[in-house]
Amino acid sequence: MKRAMTLALALVVFPVSSSILISQEPASKATIVQSTVQSAETEAIALIRGNSDKLAAAFNNGKVDEITSMFLSNGEMIDEAGTIYQGQQEIKNVLSELFKQFPGTVLTKNTESLRMVGPIVIEEGTRTMKAKDSASRSQFRYIAVWGKIDNTWKVASFRDIADDPAPTPNDFLQPLEWLVGDWVNQGADGNVAISYRWSEDKNYLLGEFKI
């Protein structure tokens with residue numbers, strides 16, 4: 001009797017336990033796979049963020065060879081006019097010419113997004129370049145595509161898109177800046193005194209007339 005009860009309990013307990021294990025196993029594997037993928041993406045994005053900062057630092061120090069080495073051998077760089085520079089040598093040549101014409105050029109970068117799409121990572125943001133001893137600066141939106149080769153993330157494509165701010169009223173009025181000051185017109189029938197000045201926000205030219 002005691003042996004029969006043991007067998008009965010075994011028949012009741014083990015099928016139930018087995019069915020639970022079968023239903024849980026696929027979910028457990030899916031969770032592990034998803035966690036592994038997320039971990040790999042997080043690691044890749046962190047590495048690329050660091051490489052992007054190193055690239056900007058190399059630019060600010062005028063290290064052309066270091067910048068070039070961060071591109072794939074057949075990588076490309078596309079300027080705001082759409083000109084494509086293909087391969088490390090062409091990229092090196094154009095950067096060397098840039099630093100020759102504008103020594104001390106400083107780059108400021110703001111990375112807005114980094115996202116993984118299949119085997120590549122796409123970086124987007126804005127950057128400005130200002131030449132030494134110059135008040136003018138250039139502003140761009142940029143898109144960088146990073147690919148992995150020999151366990152290292154490198155730039156496959158880097159593209160600049162012009163992003164200069166819209167002209168202000170002051171910009172449009174610059175050709176008339178010569179008017180600022182006091183003017184007098186003397187004639188036989190009277191004198192006319194004219195005075196022009198900028199408004200406080202520099203967006204208007206204000207004139208006063210006295211006859």
Side-chain angles (χ1 to χ4, degrees), residues 23-99 102-132 134 136-166:
S23 64
Q24 287 180 342
E25 188 175 3
S28 177
K29 284 185 177 180
T31 301
I32 292 171
V33 170
Q34 184 179 5
S35 177
T36 302
V37 170
Q38 289 177 344
S39 177
E41 289 186 5
T42 301
E43 181 182 357
I45 288 173
L47 287 171
I48 290 169
R49 190 181 298 278
N51 285 353
S52 180
D53 290 342
K54 288 178 183 177
L55 192 149
F59 185 97
N60 289 337
N61 289 310
K63 296 181 178 179
V64 176
D65 290 334
E66 186 174 337
I67 298 170
T68 306
S69 69
M70 298 185 75
F71 280 78
L72 294 176
S73 59
N74 62 340
E76 64 178 18
M77 186 169 68
I78 309 172
D79 65 18
E80 69 277 10
T83 305
I84 301 174
Y85 302 95
Q86 189 79 48
Q88 290 183 345
Q89 188 58 51
E90 282 194 14
I91 294 171
K92 180 178 180 178
N93 292 342
V94 71
L95 289 175
S96 297
E97 188 63 27
L98 171 68
F99 290 129
F102 306 101
T105 298
V106 176
L107 179 150
T108 303
K109 176 178 66 72
N110 176 34
T111 301
E112 296 176 355
S113 71
L114 276 165
R115 64 186 189 278
M116 197 160 194
V117 182
I120 65 172
V121 172
I122 299 174
E123 176 186 1
E124 293 187 64
T126 57
R127 69 188 190 96
T128 59
M129 288 198 304
K130 183 177 179 298
K132 186 179 180 181
S134 173
S136 62
R137 67 174 191 170
S138 300
Q139 182 171 313
F140 308 92
R141 291 201 62 79
Y142 73 88
I143 301 174
V145 179
W146 295 80
K148 194 174 186 180
I149 184 168
D150 295 332
N151 209 32
T152 303
W153 287 96
K154 294 193 174 186
V155 180
S157 177
F158 189 99
R159 178 162 197 160
D160 273 330
I161 303 166
D163 190 37
D164 293 323

Checking the side chain of [X] only, and the main-chain atoms of [Y] only, is there a donor and an acceptor separated by less than 3.5 Å?
| X | Y | answer |
| --- | --- | --- |
| Asp150 | Thr152 | no |
| Gln88 | Gly75 | no |
| Ser96 | Lys92 | yes |

[atom1]-[atom2] distance between [X] and [Y], expressed to the nearest 0.5 angstrom:
| X | Y | atom1 | atom2 | result |
| --- | --- | --- | --- | --- |
| Trp146 | Ile120 | CH2 | CD1 | 13.0 Å |
| Lys154 | Leu55 | NZ | CG | 12.0 Å |
| Glu123 | Leu114 | CD | CG | 5.0 Å |
| Asp79 | Ile161 | CG | CD1 | 11.5 Å |
| Ile48 | Ser52 | CD1 | OG | 9.0 Å |
| Ile67 | Lys54 | CD1 | NZ | 14.5 Å |

task = Would you mind checking if Glu76 and Arg159 are paired as a salt bridge, meaning a charged N to carboxylate O distance below 4.0 Å?
result = no
For residues [X] and [Y], report the shortest heavy-atom separation together with the two atoms involved.
| X | Y | result |
| --- | --- | --- |
| Glu66 | Ser69 | O-OG, 2.7 Å |
| Ala44 | Trp153 | CB-CZ2, 3.7 Å |
| Ala156 | Leu72 | CB-CD1, 3.6 Å |
| Ala162 | Phe140 | CA-CD2, 4.2 Å |

ask   = Please walk me through it: do Glu97 and Asn93 pass side-chain hydrogen bond (donor to acceptor under 3.5 Å, both in side chains)?
value = CA-CA 6 Å; Glu97 188 63 27; Asn93 292 342; over 6 Å; no
inquiry  = Given Tyr142, which partner from the list Asp160, Thr111, Asn110 fulfils the side-chain hydrogen bond (donor to acceptor under 3.5 Å, both in side chains) test?
reply    = Thr111
Residue among Thr128, Asp53, Asn60, Thr126 satisfying side-chain hydrogen bond (donor to acceptor under 3.5 Å, both in side chains) with Lys109 = Asp53
query = Is the closest side-chain heavy-atom distance between Phe59 and Met129 below 4.5 Å?
reply = yes
ask   = Are any non-hydrogen side-chain atoms of Phe158 and Ile91 less than 4.5 angstrom apart?
value = no
inquiry  = One pair to check against side-chain contact (heavy atoms from CB on, under 4.5 Å): Met77 and Leu95. What are the steps and the verdict?
reply    = CA-CA 10 Å; Met77 186 169 68; Leu95 289 175; 4.2 Å; yes
request  = Decide if atom CD of Glu112 counts as having more than 12 heavy atoms of other residues, nucleotides or ligands within a radius under 6.0 Å.
outcome  = yes
